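See below for the structure under consideration.
Fair warning: this is a prediction, and the values are worked out from it, not measured in the lab. The figures that follow rest on heavy atoms only: side chains count, while hydrogens, waters and symmetry mates do not. All residue numbers in this chain count up from 1 along the given sequence.
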Amino acid sequence: MPSYPQFDSVWGFHGEAAQFASGVFSGKAQAEDWIARNQLTGVLTCYPVDTGVYDWAIDGQYFKPQREYQHSPRFIGRFTSASQEHEHYENGVAEGDSDNDPIESGNDISDQ
């Protein structure tokens, strides 16, 4: 059986209007090369390995469930956090490249 490298995090690219990630990378540089080469539009997000984002956000005190529905499988399965490192791209170019300011996006997790 082959041996695989261990990672604390990976980078996932979610293309504009895509239902699923179109690429997962071990490093941001590899992801950015692929995004630029293919002139992609979407969001590149850093994901923790061996835990869900919901648990990661609670453990890191980025999120605290305050309503009953926030403990539901539907909520947990759709959960994302704006606290995850992420970057937006348009036509292969990072939107924040011109001023190097971090980009924050809304956390659309209030679905009941």
So Phe75 and Tyr54, would you call those rings parallel, tilted or perpendicular, with 30° and 60° as cut-offs?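 Because their plane-to-plane angle is over 60°, the rings of Phe75 and Tyr54 count as perpendicular.
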
Tell me, do [X] and [Y] make a side-chain contact under 4.5 Å, heavy atoms counted?
{"X": "His86", "Y": "His88", "answer": "yes"}
{"X": "Val10", "Y": "Ser26", "answer": "no"}
{"X": "Glu87", "Y": "Glu95", "answer": "no"}
{"X": "Phe13", "Y": "Ile35", "answer": "yes"}
{"X": "Gln84", "Y": "Val53", "answer": "yes"}
{"X": "Cys46", "Y": "Ser9", "answer": "yes"}
{"X": "Pro65", "Y": "His71", "answer": "yes"}

Does any N or O in the side chain of Asn38 come within less than 3.5 Å of the main-chain N or O of Trp34, such that one atom is a donor and the other an acceptor?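 Between the backbone of Trp34 and the side chain of Asn38 there is a qualifying donor-acceptor contact (under 3.5 Å).
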
Any donor-acceptor pair under 3.5 Å from Thr41 side chain to Asn91 backbone: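 Side chain of Thr41 to backbone of Asn91, a donor-acceptor pair under 3.5 Å: yes, one is there.
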
Do the side chains of Tyr69 and Ile76 join up, straight or via other hydrophobic residues, at under 4.5 Å, putting them in one cluster?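 Linked within one cluster.
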
Examine Val24 and Phe20 and state if one hydrophobic cluster contains both, with Ile, Leu, Val, Met, Phe, Trp and Tyr joined whenever side-chain heavy atoms are less than 4.5 Å apart.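 No; tracing contacts between hydrophobic side chains, which count when under 4.5 Å, never links both residues.
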
Exercise: identify the closest heavy-atom pair between [X] and [Y]:
{"X": "Gly15", "Y": "Ser22", "value": "N-OG, 4.3 Å"}
{"X": "Tyr62", "Y": "Ser83", "value": "CD2-OG, 3.4 Å"}
{"X": "Leu44", "Y": "Lys28", "value": "CD2-CG, 4.0 Å"}

Are Trp11 and Tyr47 an aromatic pair by the rule of ring centers under 6.0 Å?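 Ring-ring flag for Trp11/Tyr47: false, centres at least 6.0 Å apart.
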
Can you confirm if the aromatic rings of Phe63 and Phe79 lie within a centre distance of less than 6.0 Å?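 They qualify: ring centres under 6.0 Å apart.
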
Side chains of Tyr89 and Glu32: donor-acceptor distance under 3.5 Å anywhere?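 The answer is yes; a qualifying pair exists.
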
How long is the gap from CG on Asp55 to CG on Asp50, to the nearest 0.5 Å?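 Separation between the atoms: 12.0 Å.
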
His14 NE2 to Thr80 OG1 distance, which is reported to the nearest 0.5 Å: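 Atom-to-atom, His14:NE2 and Thr80:OG1 are 10.5 Å apart.
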
